[in-house]
Protein chains: 4
Amino acid sequence: MNDRSSRRTFKQRQKEACLAVLVEAAETVIYREGYHQAHMQQIAREAGCAAGTLYLYFKSKEELYQAMVTRHTEAITDQLRVAMATKRDPVEQLKAKTVSLLDYFNRHRAYFRVSFTEAPGGRADIKSNLRDRALKAYLEFKKHELATIKRAQKQGLLRTDLPAEELVEFVHGTTASTLARWSAQTSPPRPAAQLRYLWGFLQAGLGIRNEKESGTRNGKGNGHR
Amino acid sequence: MNDRSSRRTFKQRQKEACLAVLVEAAETVIYREGYHQAHMQQIAREAGCAAGTLYLYFKSKEELYQAMVTRHTEAITDQLRVAMATKRDPVEQLKAKTVSLLDYFNRHRAYFRVSFTEAPGGRADIKSNLRDRALKAYLEFKKHELATIKRAQKQGLLRTDLPAEELVEFVHGTTASTLARWSAQTSPPRPAAQLRYLWGFLQAGLGIRNEKESGTRNGKGNGHR
Amino acid sequence: MNDRSSRRTFKQRQKEACLAVLVEAAETVIYREGYHQAHMQQIAREAGCAAGTLYLYFKSKEELYQAMVTRHTEAITDQLRVAMATKRDPVEQLKAKTVSLLDYFNRHRAYFRVSFTEAPGGRADIKSNLRDRALKAYLEFKKHELATIKRAQKQGLLRTDLPAEELVEFVHGTTASTLARWSAQTSPPRPAAQLRYLWGFLQAGLGIRNEKESGTRNGKGNGHR
Amino acid sequence: MNDRSSRRTFKQRQKEACLAVLVEAAETVIYREGYHQAHMQQIAREAGCAAGTLYLYFKSKEELYQAMVTRHTEAITDQLRVAMATKRDPVEQLKAKTVSLLDYFNRHRAYFRVSFTEAPGGRADIKSNLRDRALKAYLEFKKHELATIKRAQKQGLLRTDLPAEELVEFVHGTTASTLARWSAQTSPPRPAAQLRYLWGFLQAGLGIRNEKESGTRNGKGNGHR
DNA sequence: AATGAATGAGAGTTCATTCAT
DNA sequence: GATGAATGAACTCTCATTCAT
């Protein structure tokens with residue numbers, strides 16, 4: 001039994017490694033060509049295998065695309081959760097999340113651009129493009145963020161004239177649209193400017209009061225004058 | 001001569017009517033199926049004509065799509081310009097523009113959804129999807145809006161810590177992303193809620209000072225606590 | 001009756017004029033574009049009428065093409081017959097025919113090129129491309145030429161080791177191939193050289209003896225040295 | 001290594017066999033229907049494969065056609081060169097070439113008919129229809145033939161009143177036109193008659209002096225000096 | 001008679017998917 | 001398990017022909 005289970009584990013790992021290679025190849029090609037212009041032959045060539053091999057691991061092109069989305073969604077939510085865990089103050093958690101997301105964004109612009117513009121089904125919002133595990137991961141993270149926002153509202157750190165649910169939507173919508181814009185530009189703002197920009201608007205939209213303690217605040221009084 | 005010119009006008013109108021019918025048919029089908037799944041045959045059937053007829057009016061599928069984009073872009077900018085002209089105060093102009101845009105949006109959700117997600121070239125931002133007349137109309141309107149924002153800044157009605165150019169980008173980005181989100185939802189907010197929502201965030205992001213009547217102002221004694 | 005018949009004659013002439021215009025337009029376009037790339041719309045535009053009008057005069061594109069072939073075939077055979085009638089000696093008749101044909105060729109290269117390379121049915125030899133009146137005109141002329149050759153043979157002016165029928169075929173084949181070649185060249189030989197060249201080979205192939213009497217002979221003794 | 005190279009050879013051969021099958025199928029259908037009426041579907045059916053398969057081997061219909069032309073051009077020039085190499089006397093070489101060409105012609109009438117009448121580009125002369133390898137093979141062979149003719153002229157076996165270049169053109173033009181004519185006839189002359197006929201005229205045109213056995217000379221001495 | 005917008009069958013070509021090896 | 005040649009349905013676009021005006 002020990003023998004069997006360790007062998008299975010090895011095979012599992014092997015399979016996972018294969019999946020990762022194929023998904024990365026797909027991402028590379030789709031980033032370069034766009035979803036519809038990315039052909040299975042090209043993806044296979046990029047991955048160093050035959051076209052038929054792709055179908056041993058994925059039922060269809062669409063499923064290969066979903067695997068790519070799932071992989072990123074899980075990676076993102078994992079990373080953001082970790083980032084939020086480094087802070088106690090809910091507003092700082094939200095900011096840390098934003099920092100971390102921008103970090104991910106800058107390392108994976110390929111993905112953002114494609115997911116915002118070339119989704120095979122053709123949906124514009126985040127949620128509609130997610131399936132199964134990706135959707136689950138996304139919704140769980142959103143719940144987590146909602147709780148954080150509610151906590152912040154209770155502590156009087158955020159505007160309360162809108163329900164927390166709507167604020168979460170605002171954060172995601174604004175963030176998504178901003179990243180979509182940047183992902184499509186040939187030269188988006190540099191990371192430092194990105195944070196100032198995005199967090200500035202989130203701050204404003206969420207009605208975040210003066211962060212007296214913040215070291216990244218860019219002026220006394222508040223952001224807008 | 002009178003005779004000739006009136007006859008030409010009739011023909012022109014007839015042709016324009018045809019174009020409108022075909023573009024509307026294209027919009028209907030593309031909305032239902034997405035750009036890549038919308039076939040010329042289906043569009044023709046929807047329009048009540050043969051597939052070949054489409055090619056009497058448009059050189060290619062892409063051009064048919066661009067005609068649809070141009071038509072809407074010009075209609076939108078015309079309508080927004082009119083709406084802005086009804087007010088004198090720059091902030092009120094911006095608000096009137098938002099109201100008018102939401103009005104257009106609710107009457108043409110098809111277009112927004114498609115243009116945000118299915119553009120044949122696959123670009124995420126507004127500008128990259130526009131060609132020729134559409135691009136010209138869009139840029140001219142943006143210039144107009146930029147002037148309005150600069151005027152508002154001079155009058156101390158908006159934040160001045162960011163250049164007007166960036167504020168315009170913010171307004172367009174936030175608006176686009178919000179509309180993109182709503183256009184993809186099966187049941188987006190009702191018009192009344194839409195305005196409160198979108199204008200609320202624009203107001204916050206632009207750092208608009210107390211409007212006399214506003215209950216959502218973020219200054220002291222303000223909406224969020 | 002006088003009244004009626006004169007009116008009919010006028011109408012007939014009108015119709016013939018129309019046919020001529022349309023055939024000429026077809027020739028122009030087909031020469032420029034080739035048969036398959038010449039579209040009925042273009043031909044109509046060239047003729048200054050609508051596409052539908054072509055079908056009032058010709059049942060199909062193929063028939064329009066045949067009309068063009070017929071027109072030229074009749075014009076050529078008429079002209080050649082006249083040219084031959086100016087001489088009494090059979091060899092001189094054959095030479096006069098060649099001169100006249102080259103004259104026609106140089107005034108209508110369009111037609112030769114097309115008829116040799118773009119015939120809709122795709123036949124290489126002269127006869128296969130002719131229908132009805134054109135075929136009749138061609139065969140009649142050939143019969144006339146055959147008689148001339150036979151006469152020349154009887155007078156001992158031509159080789160007699162091959163039957164006259166084969167010599168006619170040789171003359172037509174060599175002439176056709178030569179004109180086909182020249183019609184396809186951007187710069188074929190000048191008329192003077194053409195005659196020397198083509199007649200030179202016909203002379204040789206037909207086994208024409210020294211033309212002591214010929215006034216067009218270009219050297220004493222004979223053509224080749 | 002032995003293993004590898006033999007396997008590659010096998011694959012190469014397999015591919016070449018496929019190409020040959022497809023080209024032959026194309027030839028069959030094009031011969032039957034003509035180039036423009038020969039559809040890729042029919043060619044595929046003739047070859048016993050799917051339409052898409054053709055595109056694994058040829059980029060387009062035009063390229064498939066060119067492959068057919070190249071294949072024949074190379075086969076012809078190879079065969080003719082071999083035939084010429086069997087003789088030492090230049091005139092006999094030219095005659096052997098003609099014999100060999102007629103042999104090829106009778107085994108591949110399909111090709112001649114099509115190439116003379118249905119070339120996609122629509123040119124009448126040989127050269128204009130050749131691309132790349134085919135053109136190269138043709139030009140090289142022509143150079144070879146030119147040398148042969150020059151040699152014959154030096155030995156006083158051919159007329160010298162025309163430059164060798166023009167004589168080559170005459171040979172090719174006359175041969176091409178003759179084969180074009182025969183290829184289009186339902187019952188062309190039998191091989192024996194073909195040679196007598198074609199060589200007879202070439203002989204005359206080239207001013208070939210009495211061959212000892214020749215019965216086709218038409219006069220004592222001869223026509224040209 | 002003349003028009004020319006409309007037709008629609010059918011062309012060449014593509015590419016996700018399959019399956020014999 | 002891996003292959004990649006083969007598939008064939010489905011695409012966009014063309015153009016000779018028709019027919020209501």
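Here is the naming used below: chain letters follow the sequence lines, and residue numbers restart at 1 for every chain. This is a predicted model, so every value here is computed, not measured.
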Output yes when at least one side-chain N/O atom of D:Y55 is less than 4.0 Å from OP1 or OP2 of E:dT14, else no.
-> no
In whole angstrom, what separates C:L54's CG from E:dA2's P?
-> 11 Å
Reckon D:A38 touches a base, only the sugar-phosphate, or nothing at all at heavy-atom distances under 4.0 Å?
-> sugar-phosphate
Which residue, A:A50 or D:C49, contacts DNA chain F at a nucleotide closer to its 5' end, judged by nearest heavy atom?
-> A:A50
Counting Watson-Crick and G-U wobble pairs only, both distances under 3.5 Å, name the nucleotide matched with E:dA20, or none.
-> F:dT3
Which word best sums up how the rings of D:Y35 and D:Y65 line up, parallel for under 30°, tilted for 30 to 60°, or perpendicular for over 60°?
-> perpendicular
State the pairing partner of F:dC13; accept Watson-Crick or G-U wobble contacts with both distances under 3.5 Å, and report none otherwise.
-> E:dG10
For DNA chain E, whose closest nucleotide is more 5', that of D:A51 or that of B:G52?
-> B:G52
Determine the minimum heavy-atom distance between B:E63 and B:Y57, stating which atoms define it.
-> OE1-O, 4.4 Å
Contact class for A:M40 (heavy atom, under 4.0 Å): base, sugar-phosphate, or nothing?
-> base
Take the protein atom NE2 of B:H36 and the nucleotide atom C1' of E:dC15, then report the distance between them rounded to whole Å.
-> 13 Å
Measure from CD1 on D:I43 to C1' on E:dA11 and round the result to the nearest Å.
-> 12 Å
Under 3.5 Å, side chain of D:E33 to main-chain N/O of D:H39, donor-acceptor pair present?
-> no
For C:S60 and B:S60, take the nucleotide of DNA chain F holding the closest heavy atom to each; which residue's nucleotide lies nearer the 5' end?
-> B:S60
Report the residue (B:G48 or D:K59) whose heavy-atom-nearest nucleotide on DNA chain E is the more 5′ of the two.
-> B:G48
Quick check: does any side chain N or O of D:Q66 sit under 3.5 Å from a backbone N or O of D:A134, one acting as donor and the other as acceptor?
-> no
B:F58 near the nucleic acid: base, sugar-phosphate alone, or nothing, with a heavy-atom cut-off under 4.0 Å?
-> nothing
Identify the heavy atoms of D:I30 and D:M68 that sit nearest to each other, and give their distance.
-> CD1-SD, 4.3 Å
Go ahead and name the base partner of E:dC15; Watson-Crick or wobble counts if both distances stay under 3.5 Å, otherwise write none.
-> F:dG8
C:E33 CD - F:dT14 P separation (whole Å) = 15 Å
Picking from F:dG8, E:dA6, F:dT12, which would you name as closest to the side chain of B:K61?
-> F:dT12
Watson-Crick/G-U partner (both atom distances under 3.5 Å) of E:dA1 = none
Does B:H39 place a side-chain N or O at less than 4.0 Å from the phosphate oxygens OP1/OP2 of F:dT12?
-> yes
Taken to the nearest whole Å, OH/A:Y65 to C1'/E:dC15 is 20 Å
Distance, rounded to the nearest Å, where B:Q42 contributes CD and E:dG8 contributes P = 18 Å
Atom pair distance, as rounded to whole Å: CD in C:Q41 and P in E:dA6 | 13 Å
Give a yes/no on whether any side-chain N or O of B:T53 is located under 4.0 angstrom from OP1 or OP2 of E:dT7.
-> yes
Consider only side-chain N and O atoms of A:E27 and A:H72, and report whether a donor and an acceptor are under 3.5 Å apart.
-> yes
Write down the distance between OH (C:Y57) and P (E:dT3), rounded to a whole number of angstrom.
-> 9 Å
